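So you know, we letter chains A, B, ... as the sequences are listed, proteins then strands, and number each from 1. Please read these numbers as outputs of a predicted model, since none were measured by experiment.
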Number of protein chains: 2
Amino acid sequence: MSDLLPGNQIVKLVACDIKLEVRVILFSLRDRQLQVLLAPAGENQAMDLWQLPGNLVDRFCSLEETASMCLVEYIGCREAYLEQLYTYGYAGEQLVSVVYYALIPGDIYPNKKHTPSQWFPVDTPPVLISNHAEILQYALRRLRYKLEYTAVGFELLPDHFTLSELQSTYEIVLGEKLDKRNFRRRILKADVIEPTPHQRCGEGRPARLFRYRPDAVAEVKARRLFP
Amino acid sequence: MSDLLPGNQIVKLVACDIKLEVRVILFSLRDRQLQVLLAPAGENQAMDLWQLPGNLVDRFCSLEETASMCLVEYIGCREAYLEQLYTYGYAGEQLVSVVYYALIPGDIYPNKKHTPSQWFPVDTPPVLISNHAEILQYALRRLRYKLEYTAVGFELLPDHFTLSELQSTYEIVLGEKLDKRNFRRRILKADVIEPTPHQRCGEGRPARLFRYRPDAVAEVKARRLFP
DNA sequence: GCAAAAGTGTTCTTTCTACACCCATGC
DNA sequence: GCATGGGTGTAGAAAGAACACTTTTGC
């Protein structure tokens, strides 16, 4: 298990049998619920044990690249909002786990792919390995908190969306009803989304479509201000 | 290569030549300035290159333990406020750096120890290796932001402190003058510090001493809500 | 023309901000 | 008794919360 290493000086100090992995919490809106993608963990399917998707860190990939690769691998998604959550060290198992979370536009990626992973409502997850349930709860708290002081909610929607869709997103994630007029005022004042010339027709009066201002994305990322 | 595997299979894929280190940003108030502890980085002293204190992660220590050990090693300090900041991956160097920051009560630990590390004002740090200057800036932003919505400021002070000392701490870290009455109202409403029966005598009228409520510490920690 | 969702302002309440004087002690 | 820092309340401004009706389309 303790692999041998080439003998320059720095290697002497390397704690070489610590495993390093990246895990990604994929959040998405499906069936009007906030859902999370989980992968089966048990050798034995009957156990019904699940885990957060992830990969060991390859020596040629950065942490964020590894996380991005997970998105591609698990749902074929490029270019989602991705943010580092926390790094957990498991002393007993010599394992370090760098955890990210991602916001996946709902209804873009199919419910099932070739992978055996599945979406679960965040409120009713299955039994998870290790401390993954705790990590999931923490991610949820962070996501909710973040929604309250930034406008990242649109990252869960397609490129173009109506204000009602955005409000619904906030309501689902935060788990509470919001006032329509106050919501619009606040979200527009935040100045990260802008109206487009297009409308969406459906039942009732057509709604104006919005999109996020491309120049505003950096700003949202920069407010990576909490633990 | 990159499928996530449970249990024993994981070992096959270990990227064993990735180095894992913990760095700690030690903040402290000295000479009425916010200062940071740095360690010399150059083999050659003339270069005057510095770095954030840190250690490679030992196989038997957790990340937080490693960070705590840095505090002991560099300034002989146990029991400081310690919070994970961010984890940086350096793909080119196969290096992963888990960075914490710590708030060290000022004037408790002497300015110099047997270690060659030194305190520098955060505004005028020396030249730092790698991206350590950037990390320091990020830590500062996080600390300032955190002070605005929590009451962690007292972690930079001794066990007992006056409200004026606490206000001064906030002013130094945030870099702006605060209104005395508003400050007191806010900090008391936050409900994390409490008056003690004691007073501190000095010049002028004696000041009541406060301390943080032991049961409130968990609460502050729990608001580890930002990236 | 009616069902269904979109869109739009105002009032009240709460929170934040600005501001000045008396108090207790040491010397 | 005076110099020094400690301690206290209030009024105006800004921000947030509560609230109901008109508009546009498809059927």
Side-chain angles (χ1 to χ4, degrees), chain A residues 29 32 106-107 144-151 153-154 157-158 160-172 174-212 223, chain B residues 29 31-32 106-107 144-151 153-154 157-172 174-212 223:
Chain A
L29 288 178
R32 306 189 60 73
D107 307 323
R144 286 183 175 137
Y145 196 90
K146 186 139 195 155
L147 247 58
E148 284 175 4
Y149 74 97
T150 68
F154 59 80
L157 292 171
H160 291 68
F161 50 85
T162 69
L163 288 184
S164 295
E165 287 166 353
L166 187 58
Q167 178 175 350
S168 166
T169 300
Y170 274 73
E171 290 175 340
I172 291 168
L174 297 177
E176 55 180 327
K177 289 296 273 180
L178 300 173
D179 179 84
K180 180 157 55 157
R181 281 167 289 191
N182 292 341
F183 177 79
R184 286 169 186 236
R185 219 195 330 269
R186 261 177 43 198
I187 211 81
L188 291 176
K189 206 172 77 177
D191 223 42
V192 299
I193 63 173
E194 60 184 12
T196 69
H198 307 107
Q199 295 190 320
R200 159 147 332 143
C201 294
E203 246 180 328
R205 175 173 171 178
R208 162 130 291 144
L209 286 170
F210 285 73
R211 65 172 177 190
Y212 55 94
R223 287 206 64 178
Chain B
L29 288 179
D31 305 327
R32 306 189 58 75
D107 307 322
R144 286 185 175 135
Y145 194 90
K146 186 138 198 157
L147 246 58
E148 284 174 4
Y149 74 97
T150 69
F154 59 80
L157 292 171
D159 277 12
H160 291 68
F161 49 86
T162 69
L163 289 184
S164 295
E165 287 165 353
L166 188 58
Q167 178 175 349
S168 167
T169 300
Y170 273 73
E171 290 176 339
I172 290 170
L174 297 177
E176 56 180 324
K177 288 296 273 179
L178 300 173
D179 180 84
K180 182 159 51 160
R181 279 167 290 192
N182 293 339
F183 177 80
R184 285 167 187 237
R185 219 196 329 271
R186 261 176 45 197
I187 212 81
L188 290 175
K189 206 172 77 177
D191 224 42
V192 299
I193 62 173
E194 62 183 11
T196 70
H198 307 106
Q199 295 190 318
R200 157 145 336 140
C201 293
E203 247 179 329
R205 175 174 171 178
R208 161 130 293 145
L209 285 170
F210 286 73
R211 64 171 179 192
Y212 56 94
R223 288 204 65 180

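Straight-line distance from the CZ atom of R208(A) to the P atom of dT24(D): 13 Å, rounded to whole Å. When the P atom of dT8(D) is taken as reference, atom CZ of F183(B) falls 14 Å away, rounded to whole Å. Between the C1' atom of dG5(D) and the CG atom of L209(B) lies a distance of 14 Å, rounded to the nearest Å. With rounding to whole Å, R205(A) atom CZ is found 10 Å from dA6(C) atom P. Distance Q199(B) CD to dT4(D) P: 21 Å, rounded to the nearest Å. L166(A) places its CG atom 12 Å from the P atom of dA6(C), with the value rounded to the nearest Å. At whole-Å resolution of the value, CG in L178(B) and P in dC19(C) are 15 Å apart.
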What are the atom names and distances for every N/O pair under 3.5 Å that joins the protein to nucleotides 8-10 of chain C?
residue	atom	partner	partner atom	Å
dG9(C)	O6	R181(A)	NE	3.4
dG9(C)	N1	R181(A)	NH1	3.4

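Counting all heavy atoms, side chain and backbone alike, T169(B) lies closest to G153(B) at CG2-O, 3.8 Å.
Nearest to the side chain of E203(A), among dC16(C), dA4(C), dG7(D), sits dA4(C).
Mapping G204(A) and G202(B) onto DNA chain C by nearest heavy atom places G204(A) closer to the 5' end of the strand.
Not one side-chain nitrogen or oxygen of S164(A) sits closer than 4.0 Å to the OP1 or OP2 atom of dA5(C).
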